[in-house]
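Computed from a prediction, not measured in an experiment: that's the story for all the values here. Numbers here are sequence positions counted from 1.
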Amino acid sequence: MLSLRYWSFYIICFYLMVEMNVALLNGALGIVKDGWVVAGMTQVGQAGPSSSILTEISRCKAAQNVVIAMARSTDASKLKETPPRFSSSSCNSSKTPQILSSESLSVGMKRGHRVVVAASPPTEDAVIATEPLTKEDLIGYLASGCKPKENWRIGTEHEKFGFEIGTLRPMKYEQIAELLHGIAERFDWDRIMEGDNIIGLQQGKQSISLEPGGQFELSGAPVETLHQTCAEVNSHLYQVKAVAEEMGIGFLGIGFQPKWGLKDIPVMPKGRYDIMRNYMPKVGSLGLDMMFSTCTVQVNLDFISEADMIRKFRAGLALQPVATALFANSPFTEGKPNGYLSLRSHIWTDTDNNRAGMLPFVFNDTFGFEQYVGYALDVPMYFVYRKKKYIDCTGMSFRDFLAGKLPCIPGELPTLNDWENHLTTIFPEVRLKRYLEMRGADGGPWRRLCALPAFWVVGLLYDEDSLQSVLDMTADWTSEERQILRNKVPKTGLKTPFRDGLLRHVAEEVLKLAKDGLERRGFKEVGFLNAVSDVVSTGVTPAEKLLELYHGKWGRSIDPVFEELLY
């Protein structure tokens with residue numbers, strides 16, 4: 001049965017790979033950072049922004065100068081060796097030696113015709129600060145993400161569990177390393193190294209990385225259409241399966257490790273994860289479960305101005321529980337039902353509440369880039385990266401870092417790279433960098449990987465009419481109501497009571513808005529919502545379908561889930 005499924009999958013993926021390659025040749029995509037910094041591609045025309053958004057454009061354009069100013073304040077000889085992080089020429093994908101990094105920039109070392117990428121955290125410490133950063137610099141960094149509507153893109157990231165088909169046990173690091181080397185050799189990816197260990201791959205604007213427990217993550221390129229998104233996902237899965245099948249390895253699309261406990265899960269050899277693993281138990285009871293046992297799918301999106309960012313941020317936070325319910329897919333722990341539909345979502349409520357949650361201040365009248373910077377400055381740090389080493393700065397203050405008073409590296413001043421790194425260690429339901437991330441969905445099978453960006457970005461948040469309808473619908477929701485939904489949805493999904501009805505009724509209205517938004521785009525993308533439409537029409541979440549199988553056809557055995565949700 002598995003062999004037939006593989007062959008069918010390969011045939012489909014071959015067609016989609018051709019479609020994707022043709023689509024991606026239609027324009028030059030921009031830089032990727034954490035799977036998502038965009039520039040330079042021409043998009044089919046769409047309706048213009050509202051006048052209220054246009055009033056903010058000048059502020060965002062002015063903020064681009066922060067990047068230029070910081071580049072000018074760096075050590076010139078260092079910059080000659082390693083160009084500034086923000087240069088659009090830094091991510092060129094030629095076959096000549098490149099300057100790349102683990103999710104950012106570092107020094108590439110050519111071996112044969114391959115490029116081996118020296119490791120770093122999300123951003124290398126190549127830019128050395130010669131003048132103190134100010135809070136305005138940090139605000140300007142966020143505001144520099146503003147871009148005109150024709151440059152908006154769709155970015156999708158997803159994680160999955162690798163397992164041995166014969167034993168169902170999680171992949172060991174040695175197997176993961178073999179898989180990464182195999183993909184690099186066969187499909188021409190650049191290796192990302194941390195010391196002697198391979199920890200990821202990069203190819204053009206896509207990257208593959210490892211989560212703490214070996215979860216395999218694709219950070220996709222910024223693309224224009226959902227057809228490109230789905231083609232990219234299928235191309236990736238084809239490549240992974242082509243190598244993994246020969247090794248007896250499969251991949252599972254689910255939100256929480258269904259069979260094995262923490263003691264059974266390998267630890268990846270990445271320095272930042274050692275720091276996080278030691279710190280997590282000090283700030284919450286479920287942080288290690290988050291690190292080693294969860295998988296998610298998230299979508300990243302752009303904004304034109306500060307006002308546009310605020311509107312999308314608020315809409316995303318208000319409706320994040322709806323997305324959590326629609327994509328709920330983590331009902332098992334160590335072989336048995338765990339009492340939740342989305343245990344992954346629940347885990348975030350007791351991981352580290354200093355850096356997670358629903359961010360009620362986003363709905364304040366004073367909210368903007370400055371207020372988010374103030375929040376981020378007060379989120380305790382994890383690390384600073386210097387000379388290819390992670391320095392443990394857990395619990396310390398970035399405000400002290402700005403003043404040169406960080407106890408772990410006294411006297412040193414932060415760069416914008418340090419700020420960029422710090423922003424990646426904040427985990428609210430919607431996260432702001434130089435783009436917005438929707439973070440509330442469980443990992444799942446490949447069709448749902450395409451459904452999430454269809455629901456959020458293209459259907460709701462990139463369509464002005466749908467976005468305004470969402471804001472009108474949620475305008476009188478109180479902070480308490482939003483938090484109650486956040487707390488209850490992981491257990492009760494679409495059956496969660498809300499006002500005079502159920503969350504399912506809200507989901508029905510939201511789904512209609514998403515479909516309308518997709519129709520107005522005119523790219524024939526509505527079909528990507530089919531997986532979500534089925535959930536809304538029946539009121540049954542993916543997790544509830546798995547539980548029904550567990551109590552029925554599977555005879556209370558968890559093992560069949562590895563075939564049911566096999567990629």
Give the ring-plane orientation class for [X] versus [Y], where under 30° counts as parallel, over 60° as perpendicular and anything between as tilted.
X	Y	result
Tyr382	Phe427	tilted
Phe562	Phe163	perpendicular
Phe401	Phe398	perpendicular
Phe367	Tyr372	perpendicular
Phe361	Tyr375	tilted

Any cation-pi pair here, [X] with [Y], using under 6.0 Å and within 45°?
X	Y	answer
Arg439	Trp348	yes
Arg431	Phe313	no
Lys491	Tyr340	yes

**Study point:** Electrostatic pair Lys172:Glu164 at N-O distance under 4.0 angstrom
**Key:**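 Here Lys172 pairs with Glu164 in a salt bridge, since their nearest N and O are under 4.0 Å apart.
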Check your understanding: Going by an N to O cut-off under 4.0 Å, is there a salt bridge joining Arg482 and Glu429?
Key ->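 A salt bridge is absent here (no side-chain N lies under 4.0 Å from a carboxylate O).
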**Study point:** Non-hydrogen atoms of Pro453 and Ile154 that approach each other most closely
**Key:**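 The pair with the smallest heavy-atom distance is CB-CG2, 3.7 Å.
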Exercise for review: For residues Lys135 and Val373, report the shortest heavy-atom separation together with the two atoms involved.
Suggested key: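 Heavy-atom minimum between the residues: CG-CG1, 4.0 Å.
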**Study point:** Interatomic spacing from CG in Leu449 to CD in Gln298 - rounded to 0.5 Å
**Key:**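 Answer rounded to 0.5 Å: 12.5 Å.
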Practice item. With His422 as reference, evaluate Thr424, Thr425, Asp418 under the side chain to side chain contact (heavy atoms under 4.5 Å, CB included) test and give the passing residue. Key: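 For His422, the side chain to side chain contact (heavy atoms under 4.5 Å, CB included) check succeeds only for Thr425.
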Exercise for review: Only one of Ser342, Cys295, Pro445 passes side chain to side chain contact (heavy atoms under 4.5 Å, CB included) with Asn329; say which it is.
Suggested key: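 By the side chain to side chain contact (heavy atoms under 4.5 Å, CB included) criterion, Asn329 pairs with just one of Ser342, Cys295, Pro445: Pro445.
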Practice item. Please indicate whether Asn364 has more than 12 foreign heavy atoms, meaning atoms of other residues, nucleotides or ligands, lying under 6.0 Å from its CG. Key: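 Yes, CG of Asn364 has more than 12 neighbouring heavy atoms, counting only those of other groups under 6.0 Å.
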Review point. Side chains of Asp442 and Val297: does their closest heavy-atom pair fall under 4.5 Å?
Key: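 They are not in contact (no side-chain heavy atoms under 4.5 Å apart), so the answer is no.
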Practice item. Evaluate ring pair (Phe, Tyr, Trp, His ring centres under 6.0 Å) for Phe332 paired with Tyr550, printing each intermediate quantity in order. Key: CA-CA 10 Å; Phe332 303 116; Tyr550 174 85; 5.4 Å; yes
Practice item. Determine, stepwise, if the pair Glu544 / Lys495 fulfils salt bridge (Lys or Arg N to Asp or Glu O under 4.0 Å). Key: CA-CA 11 Å; Glu544 288 167 300; Lys495 298 178 178 64; 2.8 Å; yes
**Study point:** Backbone of Pro380 reached by a side-chain donor or acceptor of Arg355 within 3.5 Å
**Key:**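 At least one qualifying donor-acceptor pair exists.
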